[in-house]
Amino acid sequence: MKSSPSFHTAFAAVVAVSFPYTSATTLSNNFPSRCSGLSQSFHPDQQTTVLVAEFLPKGSNFTNPIAHPTCAGGWLSKSILTDICRLRLNVSTSSTSSVIIEAWMPANWNNKGKRFAMVGNGGLAGCIPFDDLNYISSLGFATVGHNNGHDGDTGLPFFNRPEVVKDFAYRALLTATKVGKKAVNHLYSQNLKKSYFLGCSSGGRQGLKAAQDFPEEYDGIIAGAAGNNWNNLMSSFSYYWKFAANGNNPPILTAEQWVEWRDEAIKQCDQIDGVKDLVIEDPRKCKLRPEARLCAPGKTWSSNKCFTSAQVTFLRKLYEPFYGNNGTFLFPGFGPGDETITSLWFATTAPQYTVDWYRYALLNDETWTVEANFDLDAVDNANRIDPYNISTYKDLSKLKASGHKLITYHGLADGLLSHEGSDRYYESVVRRMGLPSAKLDSFYRYFPISGLGHCATGNGAWYIGAANQYIDAPATTVDPEGGVLMSMVKWVEQGVPPERITGRGFTAGGKLASTKNHCKWPLRNIYLGGNPTKKESWGCS
Ligand SMILES: *[C@@H]1O[C@H](CO)[C@@H](O)[C@H](O)[C@H]1NC(C)=O
Ligand SMILES: *[C@@H]1O[C@H](CO)[C@@H](O)[C@H](O)[C@H]1NC(C)=O
Ligand SMILES: *[C@@H]1O[C@H](CO)[C@@H](O)[C@H](O)[C@H]1NC(C)=O
Ligand SMILES: *[C@@H]1O[C@H](CO)[C@@H](O)[C@H](O)[C@H]1NC(C)=O
């Protein structure tokens, strides 16, 4: 659910590349003409149509051809990072549904391990992740992304179209993977060697879905900030929103008050780990006390920057779990440290993701509203419907049997979607499979990342070379040593599993400010002494 600025760029065309490419000597076998020839030569099945096959040289400009207002953010005239063959396909998945696929296949592939990578989506997931295609293809992976069966970060296309919901739950990903692999093998005239998946947020859920149901497709799966337990996630936004809205005339806090509360939350918990650095190293130890900022009689926000009783009640609620009928646990509360991001769920109107999910995917009822219709019975009903098992909460028996690998990670300062969802998923796998961590380690490892918000950015060493991060990572080299993608490659291709994942933090000006080797769950980062911005000053315990 990485939020991107939405702006209108109606039907912008792909910027034509008019200058001759200059790196011909590095290209073998007429790569550009073989690429454009895919329009004629690539016909894997009746369902697949080639929309575009074009060579894009390094440094050329590319513009997102689908200018859906909820998708276009950031994709006006980006510079291509390496010579690629770009293939755009339309694959029909049923008589009423189809998926748009983009394969970005680098010229420099043969001597980069002949790897395939599939990237995930975000939010309601109708946006092709072009930044990830650009970044990961520059690392030498033939990289494939897709629109998950509909255009735009909106649920409207689900309305009365169950096949589109099915694509969203898993089929678009599976289809794009199978067709994408065929395209890669066809272009290079040889078979790819290893296959990877990486995604964050909704993309994290897609990764877990693959790990649970079709792990044979990927040698290594990286699932970040996974939106699994999907129906309850969609419901949870409105549960907390309704609590804030009822009798409190939303928004319950102003933007200025959210900033003040975030700073207070960090202040209350920052030094539990022994270092004052705006990073709450272990939020599980952080028990916030909003009551500390309650207005004394006669005092107000304007006089004393304090909160009303209703606001304090809301702030306490924010961190408590969401329980359903009969006290059933449904979803964790929010985590501390990035409350200005949490505030995005508390606008004057009800959370759009809940509205879209209930109206169009679950109930096909355009009149449904959070205000009139959202209650705990509606939540039970959502879990009963659970379209195409989108909840994504099974164990990993198939993954274990496949011999393939899964890495999950989650920002410990994720204010949109609490890390506790990933903690709980890990522990549920331990219980359901009856396997302690030492046994899970052979195929499933989880790395909580302190100082990382939702997928990207944060106050700590947040940059781990993961999905959705490249665009926000200033002044980094690609392919960071110890990052999550290349750690997975090392695990898959050399049999060396990652013990820690290296993160990097930056100054506001984009200079490298810190490094940290983040520990593997259930261990936590602990401060050993010395300069806290250096990874050598931290251990695991
Ligand atoms: C790419 O777009 C930018 C911004 O519009 C422009 O300044 C630059 O000249 C373009 N580069 C090429 C190679 O067309
Ligand atoms: C993709 O194909 C389907 C039919 O299978 C068609 O309805 C749809 O318009 C096509 N989309 C594009 C962008 O070509
Ligand atoms: C809650 O408990 C009641 C009484 O035991 C039972 O009838 C009902 O089915 C339960 N509801 C849920 C959602 O489990
Ligand atoms: C959901 O999963 C269950 C259990 O694995 C399976 O029996 C069922 O067919 C699945 N439903 C759908 C719609 O895929």
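Computation of the quantities below employed the complete heavy-atom set of this structure, encompassing side-chain atoms and omitting hydrogens, waters and symmetry-equivalent molecules. Start at 1 and go down the list; that is how both ligands and their atoms are numbered.
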**Q** Quick one: side chain to side chain contact (heavy atoms under 4.5 Å, CB included) partners of Lys112, sequence neighbours excluded?
**A** Asn108

**Q** Can you list every pair where an N/O of ligand 2 is under 3.5 Å from an N/O on the protein?
**A**
{"residue": "ligand 2", "atom": "2 (O)", "partner": "Asn90", "partner atom": "OD1", "Å": "3.4"}
{"residue": "ligand 2", "atom": "2 (O)", "partner": "Asn90", "partner atom": "ND2", "Å": "2.4"}
{"residue": "ligand 2", "atom": "11 (N)", "partner": "Asn90", "partner atom": "ND2", "Å": "2.8"}
{"residue": "ligand 2", "atom": "14 (O)", "partner": "Asn90", "partner atom": "ND2", "Å": "3.1"}

**Q** Which of the atoms of ligand 4 are close to Lys394, meaning less than 4.0 Å from one of its heavy atoms?
**A** 5 (O)

**Q** With Arg424, which residues qualify under side chain to side chain donor-acceptor pair (under 3.5 Å), at least two apart?
**A** Glu420

**Q** In the structure I gave you, are the side-chain heavy atoms of Asp423 and Tyr446 within less than 4.5 Å of one another anywhere?
**A** yes

**Q** Return the set of residues passing side chain to side chain donor-acceptor pair (under 3.5 Å) with Asp45 (not counting sequence neighbours), or none when no residue passes.
**A** Thr48

**Q** For ligand 4, find out whether one of its N or O atoms is nearer than 3.5 Å to an N or O atom of Tyr388.
**A** no

**Q** As an exercise, state the distance from CG of Asn147 to CD1 of Ile101, rounded to the nearest 0.5 Å.
**A** 8.5 Å

**Q** Hey, what do you get for CG (Asp132) to CG (Leu485), rounding to the nearest 0.5 Å?
**A** 10.0 Å

**Q** Once the angle between the rings of Phe31 and Phe55 is folded into 0 to 90°, is it parallel (under 30°), tilted (30 to 60°) or perpendicular (over 60°)?
**A** perpendicular

